[in-house]
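Following: one structure in structure tokens, then a few remarks.
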Amino acid sequence: MTTTAEHTAPGRAASAPPPDQGELQAAFDDAVAADTRIEPRDWMPDAYRATLVRQMAQHAHSEIIGMQPEANWITRAPSLRRKAILMAKVQDEAGHGLYLYSATETLGVSRDDLLDKLHAGRQRYSSIFNYPTLTWADVGAIGWLVDGAAITNQVPLCRCSYGPYARAMVRICKEESFHQRQGYELLLALSRGTPEQHAMAQDAVNRWWWPSLMMFGPADGESAHSAQSMAWKIKRHSNDELRQRFVDICVPQAEVLGLTLPDPDLRWNESRGSYDHGAIDWSEFQEVLRGNGPCNEQRLDRRRTAHENGTWVREAAAAYAAKHAADQDNAHEEARA
Amino acid sequence: MSGQSPQDAWPLWEVFVRGRRGLSHTHAGSLHAPDAQMALRNARDLYTRRAEGVSIWVVPSTAITASSPDEKDPFFEPAADKPYRHPTFYEIPEGVKHL
Ligand SMILES: [Fe+2]
Ligand SMILES: [Fe+2]
């Protein structure tokens, strides 16, 4: 009964007899069925733990890699207002990464280990961040479409069966809506600006639309992990369902922007009460996933370099903490003497 | 790069934030930091970017003693069979006011 908080290794008090596997599984299944949350020190199937580590680590990595394409424009933001907004947004993404790394650590892995795996290319981040930000309008398109797609994915994750993941998602979703709105406002300003600015906005939307649809993952029939994740209530809706929800939201928003979406097959389907969209080029998705997107190498190199450049800061902080702790110990000794 | 980065030595801290005066501190999350001062600064940047707090506590995670989930039932059993501790246990005739 003297184990510590959430972040300790999972398990039982040493004195308790090991409960029977079937009972543990039954208790877990009941909790999932009853929609109560699974918490870090509860027993959980190994595959459930492994799935969460994979998904949450990928999510955390995406947040911090996702800082790069937008940070690319901070120094060239067209006004102080836009610069302050963009810095706040990129800082939020760093925060999202940290919430998610610490939530993942409750599963018994360490952040250092997850970062090592990212740097070694052994864990993924979202493919969307392997596309370049060619113009200022890309910052708007990312906020509107990429953050928009992320929100569509993430809102149901607030009810994920794993407590720490769900709690992190609640925080993140609260912060995301500013991301999407600033992007939309930025695009609106460009769209209503000069003909050149309007064209720039349209070009950015043309380039980001399809990759944003791919963010929801493969079609339902092709998705390797979906069924099990749904059964575990990690996932609440299928990839295609969420993608459709996103398309239906975006079409009227694009109309207000005065921009078009680059899909000639996009049209309202009265019988479904939804928009039909054209076929997604999954071969492109697979290529980017395989590492052959426009920026895969650049993103990882940049991340590794940033980590290495931060080594001296981490070392200095650790040395300072150690010295300070030693000084305090000495002061205590002297006081006692 | 694996294994012995200096960050391995950075302990974990639990962060508690008081949202505004009059409220108690509640658990916001956790973070790694080399010492208490850095933990406070990091907590400010991580958990109060939108003025979510007027006061922060940081506590080393290892300093927390928790009840064991396995003992959930016996540990809390003393409270389970005492419904008379709740006001709804008592039947009061209709029409009696301020009770
Ligand atoms: Fe984010
Ligand atoms: Fe975001």
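In what follows, every heavy atom counts, from backbone to side chain, and hydrogens, waters and symmetry copies are set aside.
The local environment of NZ in A/Lys323 is sparse, with at most 12 non-hydrogen atoms from other residues, nucleotides or ligands closer than 6.0 Å. Shown here is A/Arg302, whose CZ atom has no more than 12 heavy atoms of other residues, nucleotides or ligands within 6.0 Å. Remark: B/Arg50 CZ is packed, more than 12 non-hydrogen atoms of other residues, nucleotides or ligands lying under 6.0 Å away. Shown here is B/Arg41, whose CZ atom has no more than 12 heavy atoms of other residues, nucleotides or ligands within 6.0 Å. For B/Arg18, the CZ atom sits in a packed shell: over 12 heavy atoms of surrounding residues, nucleotides or ligands are nearer than 6.0 Å. Around CG of A/Asp46, the count of heavy atoms belonging to other residues, nucleotides or ligands within 6.0 Å does not exceed 12.
Chain B is approached within less than 4.5 Å, heavy atom to heavy atom, by A/Gln91, A/Asp92, A/Gly95 from residues 88-95 of chain A, ordered by number. Within residues 170-180 of chain A, the residues having any heavy atom closer than 4.5 Å to a heavy atom of chain B are A/Arg171, A/Glu175, A/Phe178, listed by residue number.
The minimum heavy-atom distance linking A/Ala321 with B/Pro34 is given by the pair CB-O, 3.3 Å. Between B/Leu46 and A/Tyr99, the closest heavy-atom pair is O-OH, 3.1 Å.
Annotation: the span from B/His32 atom NE2 to A/Ser110 atom OG amounts to 7.5 Å, rounded to 0.5 Å. The distance from the CD atom of A/Glu105 to the OG atom of B/Ser61 is 9.5 Å, given to the nearest 0.5 Å. A distance of 9.5 Å separates CG in A/Asp112 from CH2 in B/Trp10, rounded to the nearest 0.5 Å.
Between A/His324 and B/Gln37, the side chains place no donor N or O within less than 3.5 Å of an acceptor N or O (distance only, hydrogens not considered).
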